[in-house]
Amino acid sequence: ARERHWLARQWPFAGAAVPQAASNLAYALQWQPWSATPGAQAPACLLLSADTARAQALARALQAQGAPFVAHATVQSLPQDSQAGHCVWLAPEGQALEAVLDELAAVAQWVQAQPAALRLWVVTGQAWADAPDLNSAAIWGWARSVRLELGPRWGGLVDLPAGEDRQPLDALAACLASTTAEDEFAIRAAGRAVEVPRLDAAPPPAAAAAFACDPAGSYLLTGGLGALGMALAQELVQAGARHLVLASREGPQRLLRDAA
């Protein structure tokens, strides 16, 4: 005969609210204000962008932040080597997401192959806006994976607001000059504030109504003859279900074998 071992559930499936100990396990991402390092000087930077005007505007902001030199190139014309401290990739706008992610992957491989200690920074637009740009949000997810691959050659992620104002670029230059361990920044509208993410304890959820099944309804459980399916079936019965359909690839033979 088989012996099953299940972790004891600490609260009823069909009843009371989640206990305080369990609610303390919930966390949410919160953005908090960040202050630039006073007097920090931006390092030499290589800007990668097909948008020349945008790259030139950022170059001026970096030079004002003390960058010794700022070079500009495109992903299609990457230099053989670079003496810059930061490689800043400005995510292109208006292109298919797959092409943009391929471009980021190519830049990451180029950075990893450089003999000098070059750090990659990824700059997006409106990934964390109230109405986020979905392509930019996807770039953030991809870039977080790139971060694991690059290790010490990773610089950070910066998200810019919409618009052509100079202030967000000044704030971006301050992020690139930062000497802190922060590597994710969101610059809010008009560059008024720079924020960094923090995981904070989420407030406990409001008490919800007890879960109940409709006695007149039917409930289909796929994998219903497995151990988890049988346990869930018992819970549904306790919650009021009276018509269950347990589907399984193995059929009723599974019940006979488990009973042996």
Side-chain angles (χ1 to χ4, degrees), residues 42-63 65 67-129 132-164 168-178 182-187 191 194 196-197:
C45 292
L46 170 65
L47 308 184
L48 297 180
S49 175
D51 187 340
T52 304
R54 190 181 183 200
Q56 289 175 343
L58 177 56
R60 289 191 291 268
L62 287 167
Q63 289 164 350
Q65 193 72 34
F69 75 86
V70 180
H72 174 226
T74 66
V75 177
Q76 292 72 30
S77 60
L78 289 169
Q80 292 296 322
D81 55 66
S82 175
Q83 300 305 313
H86 288 340
C87 172
V88 184
W89 178 70
L90 304 175
E93 299 176 352
Q95 294 188 17
L97 177 59
E98 184 177 357
V100 174
L101 297 182
D102 286 344
E103 184 172 307
L104 174 55
V107 172
Q109 291 173 358
W110 177 81
V111 167
Q112 204 161 29
Q114 291 303 297
L118 187 63
R119 298 170 65 193
L120 173 62
W121 285 80
V122 174
V123 179
T124 61
Q126 304 182 75
W128 292 98
D133 180 88
L134 297 184
N135 277 12
S136 292
I139 293 170
W140 268 68
W142 183 259
R144 283 169 168 168
S145 297
V146 171
R147 171 172 56 191
L148 300 177
E149 296 291 333
L150 290 182
R153 290 179 177 265
W154 172 254
L157 271 162
V158 185
D159 189 54
L160 295 175
E164 302 295 333
L169 295 181
D170 292 337
L172 171 55
C175 295
L176 296 173
S178 170
E182 303 291 348
D183 70 342
E184 292 188 2
F185 303 87
I187 301 173
V194 180
V196 292

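Computed from heavy atoms alone, side chains included, the values below leave out hydrogens, waters and symmetry copies. The shown structure was predicted, so the numbers you read here are calculated from the model rather than taken from an experiment.
Sorted by first then second residue, the side chain to side chain donor-acceptor pair (under 3.5 Å) pairs that include residues 146-158, not counting sequence neighbours, are Arg147-Asp183, Arg147-Glu184, Trp154-Asp183. Residue pairs meeting the side chain to side chain donor-acceptor pair (under 3.5 Å) criterion with at least one partner in residues 87-102, sequence neighbours excluded, are Trp89-Glu103.
Other residues, nucleotides and ligands contribute only 12 or fewer heavy atoms inside 6.0 Å of the CD atom of Gln83. A 6.0 Å sphere centred on CG of Leu134 holds no more than 12 heavy atoms belonging to other residues, nucleotides or ligands. Counting non-hydrogen atoms of other residues, nucleotides and ligands closer than 6.0 Å to CH2 of Trp142 gives a total of 12 or fewer.
Here SG of Cys175 is found 9.5 Å from CD of Gln65. Values are rounded to the nearest 0.5 Å. Here the CG-CD distance, from Leu58 to Gln63, works out to 9.5 Å after rounding to the nearest 0.5 Å. The distance from the CG atom of Leu169 to the CG atom of Leu62 is 9.0 Å, given to the nearest 0.5 Å.
Residues Ala84 and Leu118 approach most closely at O-CD1, 3.1 Å, considering heavy atoms. Residues Ala177 and Pro43 share a closest heavy-atom pair of CA-CD, 4.4 Å. Between Ala59 and Val70, the shortest heavy-atom contact is CB-CG1, 3.7 Å. Residues Ala55 and Ser49 come closest through the heavy atom pair CB-CB, 4.4 Å. When every heavy atom of Ala137 is checked against every heavy atom of Ala127, the shortest pair comes out as N-CB, 3.9 Å. Across Trp110 and Pro79, no two heavy atoms sit closer than the pair NE1-O, 2.9 Å.
Of the candidates Asp159, Asp133, Asn135, Thr124 forms a side-chain hydrogen bond (donor to acceptor under 3.5 Å, both in side chains) with just one, namely Asp159.
Taking the side chain as every heavy atom from C-beta outward, Trp121 and Cys45 never approach each other to under 4.5 Å. Looking at heavy atoms from C-beta onward, Ser136 lies out of side-chain contact with Gln126 at the 4.5 angstrom threshold. Leu46 is listed as a side-chain neighbour of Leu48, based on a closest heavy-atom distance under 4.5 Å. Two residues are said to be in side-chain contact when any heavy atoms from C-beta on lie closer than 4.5 Å; Asp51 and Leu90 fail this criterion.
Under a 3.5 Å cut-off, the side chain of His86 and the backbone N or O of Leu176 do form a donor-acceptor pair.
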